Amino acid sequence: MKVKKLVKQSVKYPLILLVFCFASCKDAPKKNEEAKEEVAVTNTEEQKPFFKLSLAQWSLHKQVFDGGNPYDFAEKAKSLGFTGLEYVSALYNDVKEANYSDEAMAQFIAKSNEAAKKHGMTNVLIMIDGQGDLALADKTERKKAVENHYKWVKAAAEMGCHAIRVNLSGSTNEQEWVTSSIDGLKQLGTFAKEHNINVIVENHGGLSSNGKLLSEVMSQVNMDNVGTLPDFGNFCIKKSEEGCEEMYDNYKGVTELMPYAKAVSAKSYNFDAEGNETKIDYAKMLQIVKDAGYTGFIGVEYEGDEKGEEEGIIATRDLLVNAAKNLK
């Protein structure tokens, strides 16, 4: 029934007009509130970064080397505003001093899992160092290095991590390095696949910091559980006493590695007065990461010398979140 007709009949049927007005007026505020809530939700979603935040334990290595307890990692990371944990094997002297025995590895796993559960944190990955070079030209030595990583693959699986980060150190001859890297990664990747673990390579100096070469290795390995961990820094191919003798373009390198990325590392050194990293354009880096369709964890890895570790971690975290707000 139309409103005009109702008005005309209001004298004869006053109750009809009353009921109609009551229903309409009652619903209007409700719809307005729903609209406001919808806008509020949309705005909140727009403010969230496209990635999740994890903390690379190396950001706290000075504290650990000064006598700090590496098993406080989960508690510390939570207090600094993170939800994910990226462990560093080299920071656990108790495991190293026990020569990586089964008992020591079991204790590492149990303690780490207990702390992560207590503080509601997600175990993301373990960064492996000091277990041998996976790109050695010598087949026997390369095989030994591969097998040294097996215990860390098992540990990552028991901790609910999705990956271990490895280094492709070894030969300095490009073609030899590519061939050896492919073989080493295929061996380790095959073992890791049985445990549902990814093997990811970080650009970490030497030929692994050549984005083109490392992406070529990934293409030829061609395994679903073998990928990269692009680091915003770490693109020095050859160091010298004065610093870096040969530097690879870090934006080009990250762009080349992102198609294979299963994790991302936000390296930071120092900051200017506005809170921007002095060596790395974070907005440019994050745009590259976002354009690649990446939505996983980005790990904060502070290595500066002007701020304390916790202050540098917070500065890097805030820079990531703020830079993400203005991306396309």
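Only a predicted model underlies this, so the values are computations on that prediction, with no experimental measurement involved. Residue numbers run from 1 in the order of the sequence given.
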If you group Ile, Leu, Val, Met, Phe, Trp and Tyr by side-chain heavy-atom gaps below 4.5 Å, do [X] and [Y] land in one group?
X	Y	answer
Phe191	Ile182	yes
Leu213	Leu136	no
Leu207	Leu229	yes

[X], [atom1] atom: more than 12 neighbouring heavy atoms under 6.0 Å:
X	atom1	answer
Lys96	NZ	no
Lys193	NZ	no
Glu147	CD	yes
Lys284	NZ	no
Asp102	CG	no
Asp224	CG	no

[atom1]-[atom2] distance between [X] and [Y], expressed to the nearest 0.5 angstrom:
X	Y	atom1	atom2	value
Ile237	Thr172	CD1	OG1	12.5 Å
Lys290	Phe51	NZ	CZ	10.0 Å
Ile288	Asn250	CD1	CG	8.0 Å
Tyr150	Ile164	OH	CD1	10.5 Å
Ser180	Leu185	OG	CG	10.5 Å
Met127	Trp58	CE	CH2	10.5 Å

Hey, is [X] close enough to [Y] for a salt bridge, meaning N to O under 4.0 Å?
X	Y	value
Asp138	Lys143	no
Lys252	Glu256	yes
Glu277	Lys267	no

Going through the distances and angles, do Lys76 and Glu310 end up as a salt bridge (charged side-chain N to carboxylate O under 4.0 Å, His left out)?
CA-CA 9 Å; Lys76 181 71 68 175; Glu310 292 181 25; 2.8 Å; yes

Between the side chains of Gln107 and Tyr92, does any donor sit under 3.5 Å from an acceptor?
no

Would you say Asp133 and Asn167 are linked by a side-chain donor-acceptor pair, where the criterion is simply a distance under 3.5 Å?
no

What heavy-atom pair brings [X] and [Y] nearest, and what distance separates the two atoms?
X	Y	result
Ala157	His195	CB-O, 3.8 Å
Ala163	Ala156	O-CB, 4.2 Å
Phe271	Leu319	CE2-CD2, 4.0 Å
Tyr71	Ala115	O-CB, 4.0 Å
Asp129	Ser89	N-OG, 3.1 Å
Val95	Met105	CG1-SD, 3.6 Å

Between [X] and [Y], is any pair of side-chain heavy atoms under 4.5 Å apart?
X	Y	value
Val64	Phe73	no
Phe50	Leu286	yes
Val88	His61	no
Tyr260	Val201	no
Tyr282	Ser268	yes
Lys154	Ile109	no
Phe65	Asn93	no
Phe82	Ile313	yes

For the rings on Trp152 and Phe108, is their centre-to-centre separation under 6.0 Å?
yes

Positive for side chain to side chain contact (heavy atoms under 4.5 Å, CB included) with Thr228, one of Leu257, Asn203, Ile200
Leu257

Run through Leu125, Ile126, Ile128 and flag the one making a side chain to side chain contact (heavy atoms under 4.5 Å, CB included) with Tyr87.
Ile126

Backbone N/O of [Y] and side chain of [X]: donor-acceptor pair under 3.5 Å:
X	Y	answer
Thr179	Glu176	no
Glu86	Ser54	no
Ser209	Tyr248	no
Asn276	Asp272	no
Tyr302	Lys307	yes
Gln187	Leu134	no

Val153 and Leu188: CA distance, side-chain angles, deciding distance, side chain to side chain contact (heavy atoms under 4.5 Å, CB included) verdict
CA-CA 9 Å; Val153 169; Leu188 185 56; 4.1 Å; yes

Before you tell me yes or no, could you show the steps for Arg165 and His204 under side chain to side chain contact (heavy atoms under 4.5 Å, CB included), namely the whole-Å CA-CA distance, both residues' side-chain angles and the distance that decides it to 0.1 Å?
CA-CA 11 Å; Arg165 185 277 275 145; His204 214 188; 3.6 Å; yes

Would you please test Glu216 and Lys212 for side chain to side chain contact (heavy atoms under 4.5 Å, CB included) and show each step?
CA-CA 6 Å; Glu216 179 183 335; Lys212 182 178 180 181; 5.5 Å; no

Do Glu202 and Asn234 pass the side chain to side chain donor-acceptor pair (under 3.5 Å) test, and can you show the C-alpha distance, the side-chain angles, and the key distance before you say yes or no?
CA-CA 9 Å; Glu202 181 180 0; Asn234 286 359; 3.0 Å; yes

For Asn123 and Met121, run side chain to side chain contact (heavy atoms under 4.5 Å, CB included): C-alpha distance rounded to whole Å, both residues' side-chain angles, the deciding distance at 0.1 Å, then the answer.
CA-CA 7 Å; Asn123 290 335; Met121 302 294 284; 5.6 Å; no

